[in-house]
Amino acid sequence: MDYDFVAIEKKWQRKWAEEKTFKAVEDPSKPKFYVLDMFPYPSGAGLHVGHPLGYIASDIFARYKRLCGFNVLHPMGYDAFGLPAEQYAIQTGQHPEKTTSVNVARYRSQLDRIGFSFDWDREVRTCDPAYFKWTQWAFLKMFGSWYDKALDKARPIEELEEAFAKGGSAAVDAACNDAPSFTASEWLSFSEKEKSDILMHYRIAYQGESTVNWCPALGTVLANDEVKDGYSERGGHPVFQKKMTQWQLRVSAYAGRLLDSLDAIDWSDSLKEMQRNWIGRSEGAEMVFKVECDGAQYDMTIFTTRADTVFGVTFMVLAPESEWVEKLTAASEKDAVAAYLESVKKKTERERIAGKAVTGVFTGSYATNPLTGKKVPVWVSEYVLSGYGTGAIMAVPAHDSRDYAFARKFNLPIIPLIEGADVSESSFDAKEGTMVNSGFLDGLSVKEAIPAAIDYIEAHGIGRRKVNYRIRDAIFSRQRYWGEPFPIYYKDGIPTPVPFDKLPVTLPEIDKYAPTESGEPPLARAKDWTFDGWPLETSTMPGFAGSSAYYLRYMDPHNDETLVSPEADKYWRSVDLYVGGTEHATGHLIYSRFWDKFLFDLGYVVEDEPFRKLVNQGMIQGRSSFVYRIVGTNKFVSVGLKDSYETTEIHVDISLVRNDRLDLDGFRAWRPEFADAEFILEDGEYVCGYAVEKMSKSMYNVVNPDDVCETYGADTLRLYEMFLGPVEQSKPWDTKGIDGVHRFLRKFWRLFWDRENFLVNDEEPTKAELKALHVLIGKVRTDIEAFSFNTAVSAFMIALGELQGCSKRAVLEPLVILLSPFAPHIAEELWHQLGHETSVTYAPFPEYVQAYTVEDSVTYPVSFNGKTRFTVDLPKSLSREDVEASVRALPDTAKWVGAGSIVKVIVVPGRIVNIVVKQ
RNA sequence: GCCCUGAUGGCGGAAUUGGUAGACGCGCUGGACUCAAAAUCCAGUGGCCUUUAAAGCCGUGCGGGUUCGAUUCCCGCUUGGGGCACCA
């Protein structure tokens with residue numbers, strides 16, 4: 001019987017679905033294991049072979065864990081809200097829900113074909129009201145909470161109100177954005193509206209004005225991680241900085257915890273580093289400068305990490321968006337400052353970054369250096385950011401390159417503070433050297449001077465130690481249709497939560513999906529977009545809202561009472577293995593951690609980190625093929641000969657190319673303009689050139705997994721994607737090697753079947769066969785645990801070579817179990833042919849037994865300095881004299897052996913190379 | 001500019017903790033089977049020198065170092081990929 005992968009795969013995929021083989025049920029008697037993939041956005045293009053890479057790896061791991069006796073939760077769903085469906089809707093008028101469900105169906109059929117062991121009963125879709133009810137619920141919980149810095153956790157807002165009523169604003173140490181201070185009695189006298197406005201400064205989910213990334217082309221604001229190099233990540237449209245009132249999440253309150261608990265999770269160093277940079281902790285000091293403008297006096301606070309350089313401050317700089325600009329602009333400079341602010345406003349984010357031109361304007365006011373008493377001018381410049389620190393800086397041109405450039409441009413003085421620093425050409429930014437010109441700091445090294453300066457500042461009441469974080473609060477509103485509506489309505493202008501029992505707030509039907517003519521979000525088009533007669537919020541939530549807690553929902557997806565029941569949460573706890581791309585490093589993976597910590601604070605979940613271990617799979621790139629048309633003709637020249645002609649490189653569809661050889665007739669039929677193409681061949685064939693590029697339709701290099709399943713089968717696809725190289729590594733898809741993997745499966749099949757006979761017998765395996773089997777068992781286990789699937793596949797191939805013609809049940813049964821995570825269909829089929837009734841999925845992983853000894857070896861005692869130190873196993877061909885002579889000839893350092901050491905003797909036939917001592 | 005990563009045959013990639021570099025697969029070459037082809041099987045396959053073989057020499061991006069021994073550890077570069085970037 002032949003290996004009929006088409007029939008086998010169809011048969012078992014149907015059985016698995018019918019029998020719900022992979023259904024996960026909470027079972028306290030078994031240890032749990034939660035394996036999760038980042039759920040996909042169901043795009044219209046469908047899956048290409050790059051997408052399943054991570055899914056295959058996690059599926060192997062999930063199946064392996066089941067074999068090891070774990071109760072495995074391995075769910076899948078769809079991140080179904082998003083821009084592409086909405087833009088398609090704007091163009092065609094088709095409801096995004098329709099597009100989305102069509103795409104979801106396509107994804108599902110593609111996924112099913114690869115034979116994943118998902119528990120589809122737990123599927124979630126972020127756009128499903130029964131799901132986003134809990135996204136809205138979490139938002140309301142954040143709206144109803146504040147962050148207590150003293151306890152370092154979120155608490156219900158009612159407790160804040162109580163504290164205000166007792167002790168006013170001074171009674172709490174809360175994370176907030178510039179809220180006014182007030183007494184207890186003032187609080188009690190405030191109106192509802194006033195109280196609401198004040199609380200808004202404290203809520204974890206709050207409405208606040210801030211400088212946001214505004215993208216006019218998309219008609220919406222974007223979060224920082226959705227902007228790349230000043231362009232929108234989706235669509236690549238220019239982005240402007242704009243002050244707007246938006247819903248925001250107080251992620252910044254969690255900065256310290258997000259940073260610290262990175263140490264406790266098993267993620268790659270590079271990813272942790274990315275998050276550390278994004279969070280951006282820096283230690284320094286806040287310092288107060290007295291400022292004077294047209295006779296008025298102010299105290300202005302700045303942040304610096306170089307308190308040691310205060311003696312070199314020669315000017316101050318404000319961010320253009322800073323509130324200080326208005327206060328500190330002298331009457332005489334009003335016009336100049338206004339003109340400058342206007343010019344800054346017009347620039348796109350891109351221009352601000354790219355144009356490194358030094359610009360700025362003098363405000364006409366002066367600040368007093370708190371240490372020297374000297375007066376220095378206050379300037380405004382776009383190189384200072386409003387969102388970081390206090391939006392104002394002290395400038396030390398001698399030791400900061402940006403301040404230096406500014407000082408040079410506007411002819412401001414430069415005072416060097418470090419001995420021997422030459423600041424005639426550029427600033428000296430390094431934190432090393434000995435202080436000079438710095439009063440009481442003179443003679444100290446920079447490393448000593450920084451804390452000494454801060455101590456002094458604190459002692460004299462000029463400022464205090466301060467840790468600053470770069471991470472900003474997440475902008476949470478989007479002016480779009482296809483997202484979760486906010487469960488917020490405006491009662492007398494006061495943002496009011498929709499009661500929990502009225503959730504979810506579902507999307508209204510509207511006639512057009514574009515923003516309104518007056519620039520309002522699409523939801524403003526809805527006829528009756530109200531709650532209880534009051535207007536509802538018209539913006540929707542961003543993409544990361546629905547993906548932030550989906551891993552929790554999988555634990556208890558049908559629960560209508562809570563996001564996740566305490567029982568389910570306590571059982572599944574958190575994700576043990578999370579597999580996905582690194583592109584979410586500063587988006588989803590930050591927000592999810594924040595979201596989880598928030599729910600943890602409120603006692604809804606038991607773990608304060610969502611993803612214990614994270615593996616980032618690499619991208620699979622496309623391998624594009626090219627033909628070379630001789631300029632001005634319809635003649636194509638093979639790649640090896642193209643240098644003798646002037647040619648144009650043309651992408652050719654890779655389905656017309658096999659092993660870089662072009663299918664000439666197929667090419668002529670491909671497009672009308674090539675119908676009468678002529679070819680200049682080499683060795684009778686047309687050889688194409690190639691390049692590794694992103695897999696995309698326009699480069700004709702997309703490989704659909706369905707096609708691979710058609711020709712080779714899902715098992716081959718799975719095995720091949722793993723065999724391609726380490727999961728974490730990016731690599732091009734290259735069909736060349738796929739035959740080798742397919743051949744392996746056919747050979748494997750042939751251990752069981754020849755043309756018509758089932759070969760399996762009950763003979764006793766030989767020692768050599770047992771050795772091959774058990775080496776494989778050990779290797780497969782360690783490789784899977786180490787996520788090294790490519791070497792595991794190699795191990796199978798080696799074992800198969802050694803087990804040729806071995807059709808013994810005692811060998812084949814464990815072999816089938818071992819193979820089942822990788823190639824589940826063929827394994828399931830053969831498992832049943834071996835007479836088993838139940839799925840191989842729950843068979844026990846074979847035990848590794850050291851069932852062999854080194855053949856042809858003999859044990860020698862080895863002695864140094866007349867004492868026997870240890871014994872070694874060596875090939876018989878080596879005489880005892882040889883061994884001892886070799887050991888004696890070794891240098892002393894190699895001969896030392898400590899008590900209790902394990903010794904390995906490295907033997908090249910005929911001589912001892914070395915002795916390795918292991919502890 | 002800063003941070004993280006990687007660099008090994010014609011190709012994808014192996015190498016447990018510093019111990020015979022190139023496993024496994026692809027490709028290529030030769031052979032078997034076949035009227036022939038496909039499929040399958042067997043053998044060879046880093047480079048140089050050599051008629052061949054044996055033996056030898058050189059070889060893990062480059063230059064140094066530590067070590068009996070370095071793809072592996074240290075220092076300094078070159079270069080591919082990714083991230084951050086006026087963050088004071």
Side-chain angles (χ1 to χ4, degrees), chain A residues 224 228-229 268-278 280-282 284 302-307 309 316-317 319 352-353 355-356 358 381-396 399-403 405-406 429 468-472 582-583 585-586 616 618-619 621 623 659-660 690 719-720 723-726 728-744 746-747 750 778-779 782-783 786 788 790-801 804 889-895 904-909 911-916 918-919:
Chain A
N224 281 344
K228 292 269 180 285
D229 297 327
S268 72
D269 288 338
S270 65
L271 204 99
K272 284 185 182 182
E273 205 53 35
M274 267 189 239
Q275 291 214 338
R276 284 194 190 103
N277 291 339
W278 190 259
R281 180 190 150 97
S282 61
I302 56 97
F303 175 75
T304 181
T305 55
R306 292 294 302 272
T309 61
M316 310 287 285
V317 189
R352 249 179 105 154
I353 296 167
K356 288 264 179 192
V358 179
S381 173
E382 59 183 330
Y383 86 83
V384 175
L385 304 175
S386 65
Y388 184 75
T390 62
I393 61 151
M394 64 177 210
V396 185
H399 302 291
D400 182 290
S401 51
R402 298 152 301 177
D403 297 345
F406 196 81
D429 291 12
N468 245 329
Y469 294 97
R470 194 177 306 180
I471 193 168
R472 321 269 175 90
T582 178
E583 67 272 18
T586 52
N616 294 116
M619 297 238 287
Q621 294 129 310
R623 191 176 185 280
N659 283 343
D660 288 339
Y690 73 91
L719 227 40
Y720 184 58
F723 189 62
L724 223 40
E728 297 89 341
Q729 198 173 299
S730 287
K731 55 235 158 184
W733 178 264
D734 185 348
T735 326
K736 268 184 188 166
I738 201 166
D739 290 311
V741 170
H742 189 63
R743 209 168 286 152
F744 161 76
R746 287 217 302 267
K747 281 188 209 168
R750 253 180 273 130
K779 181 85 177 136
T782 50
D783 280 353
S788 177
N790 54 332
T791 51
V793 176
S794 295
F796 276 109
M797 292 175 171
I798 295 167
L800 191 63
Q804 262 183 41
L890 289 169
D892 284 345
T893 45
K895 281 196 262 181
K904 184 178 167 194
V905 177
I906 310 301
V907 181
V908 183
R911 79 195 165 94
I912 291 181
V913 173
N914 208 346
I915 298 170
V916 180
K918 297 193 211 177
Q919 293 305 318

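Bear in mind that the values here come from a model prediction, so they are computed numbers and not experimental data. Heavy-atom basis, side chains included; hydrogens, waters and symmetry copies ignored. Labels below follow one simple rule: chain letters A, B, ... track the order of the sequence lines, proteins then strands, and each chain is numbered from 1.
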Taking the [atom1] atom of each, how far is [N] from [M], in whole Å?
| N | M | atom1 | value |
| --- | --- | --- | --- |
| B/G12 | B/A23 | P | 15 Å |
| B/G9 | B/G44 | C1' | 15 Å |
| B/U45 | B/A54 | P | 10 Å |
| B/C73 | B/C84 | P | 28 Å |
| B/U79 | B/G61 | P | 16 Å |
| B/G46 | B/C41 | C1' | 27 Å |
| B/C77 | B/G22 | C1' | 27 Å |
| B/U72 | B/C33 | C1' | 47 Å |

> Would A/Phe723 and A/Ile738 satisfy side-chain contact (heavy atoms from CB on, under 4.5 Å), going step by step from the backbone distance to the final call?
Replying inline: CA-CA 9 Å; A/Phe723 189 62; A/Ile738 201 166; over 6 Å; no

Of the nucleotides [options], which has the atom closest to the [X] side chain?
| X | options | result |
| --- | --- | --- |
| A/Trp278 | B/C84, B/G12, B/A88 | B/C84 |
| A/Lys731 | B/C84, B/G13, B/A88 | B/G13 |
| A/Thr791 | B/C24, B/A15, B/A88 | B/A15 |

> Starting at the 5' end of RNA chain B and moving along, which residue's nearest nucleotide shows up first, A/Met797 or A/Gly280?
Replying inline: A/Met797

> When the nearest nucleotide of RNA chain B is assigned to A/Gln804 and to A/Thr304 on a heavy-atom basis, which residue is associated with the more 5' position?
Replying inline: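 On the 5' side of the pair lies A/Gln804.
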
Between [X] ([atom1]) and [N] ([atom2]), how many Å, whole number?
| X | N | atom1 | atom2 | value |
| --- | --- | --- | --- | --- |
| A/Glu273 | B/A85 | CD | P | 14 Å |
| A/Asn277 | B/G83 | CG | P | 13 Å |
| A/Arg281 | B/A88 | CZ | P | 13 Å |
| A/Ile738 | B/G27 | CD1 | P | 12 Å |
| A/Gln729 | B/A14 | CD | C1' | 12 Å |
| A/Ile798 | B/G22 | CD1 | C1' | 13 Å |
| A/Leu800 | B/A23 | CG | P | 18 Å |
| A/Lys747 | B/C41 | NZ | C1' | 9 Å |

All N/O contacts under 3.5 Å from nucleotides 79-82 of chain B to the protein, with atom names and distances to one decimal?
none

What contact category does [X] fall into here, base, sugar-phosphate, or nothing, at under 4.0 angstrom with non-hydrogen atoms?
| X | value |
| --- | --- |
| A/Pro726 | sugar-phosphate |
| A/Arg743 | sugar-phosphate |
| A/Ser282 | sugar-phosphate |
| A/Leu724 | sugar-phosphate |

> What's the base orientation of B/G10: syn (chi within 90° of 0) or anti?
Replying inline: anti

>> Please give the stem ranges for RNA chain B, sorted by first residue number, where a stem is three or more consecutive Watson-Crick or G-U pairs and both donor-acceptor distances are under 3.5 Å.
In response: B:1-7 with B:78-84, B:10-12 with B:24-26, B:27-32 with B:40-45, B:46-48 with B:56-58, B:61-65 with B:73-77

For [N] and [X] - does any side-chain N or O of the residue sit under 4.0 Å from the phosphate oxygens OP1/OP2?
| X | N | answer |
| --- | --- | --- |
| A/Arg746 | B/U40 | yes |
| A/Tyr388 | B/A88 | yes |
| A/Ser381 | B/C86 | no |
| A/Asn790 | B/G12 | no |

Between [X] and [Y], what is the shortest heavy-atom contact and its length?
| X | Y | answer |
| --- | --- | --- |
| A/Asn616 | A/Ser268 | OD1-OG, 3.8 Å |
| A/Met394 | A/Thr309 | CE-OG1, 3.7 Å |
| A/Ala585 | A/Leu271 | CB-CD1, 3.8 Å |
| A/Val384 | A/Ala319 | O-CB, 3.2 Å |
| A/Phe303 | A/Tyr388 | CE2-OH, 3.8 Å |

> Under the 3.5 angstrom rule, does the side chain of A/Lys747 hit a backbone N or O of A/Gly801 as a donor-acceptor pair?
Replying inline: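 No, because the side chain of A/Lys747 does not come within donor-acceptor range (under 3.5 Å) of the backbone of A/Gly801.
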
> Looking only at atom types and distance, does a side-chain atom of A/Asp403 sit under 3.5 Å from a main-chain N or O of A/Val396, one as donor and one as acceptor?
Replying inline: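 Yes, the answer is positive, given that a donor and an acceptor are paired below the 3.5 Å cut-off.
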
>> Can you list everything that forms a ring pair (Phe, Tyr, Trp, His ring centres under 6.0 Å) with A/Tyr720? Sequence neighbours excluded, please.
In response: A/Trp733

> Quick one: does A/Val741's side chain get under 4.5 Å of A/Met797's, heavy atoms only?
Replying inline: yes

>> Quick one, A/Ile393 and A/Asp400 - any side-chain contact, counting heavy atoms below 4.5 Å?
In response: no

>> Which residues pass the side chain to side chain contact (heavy atoms under 4.5 Å, CB included) test with A/Gln275, not counting sequence neighbours?
In response: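 A/Leu262, A/Trp267, A/Leu589, A/Ile590, A/Arg593.
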
Is there any protein nitrogen or oxygen under 3.5 Å from a nitrogen or oxygen in nucleotides 5-11 of chain B, and what are the pairs?
none

> salt bridge (Lys or Arg N to Asp or Glu O under 4.0 Å) with A/Arg306: which residues, sequence neighbours excluded?
Replying inline: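 By the salt bridge (Lys or Arg N to Asp or Glu O under 4.0 Å) rule, A/Arg306 matches A/Asp308.
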
>> Please evaluate residues A/Leu724 and A/Gln729 with respect to the criterion side-chain contact (heavy atoms from CB on, under 4.5 Å), reporting the C-alpha separation (whole Å), side-chain torsions for both, the decisive distance (0.1 Å), and the verdict.
In response: CA-CA 10 Å; A/Leu724 223 40; A/Gln729 198 173 299; over 6 Å; no

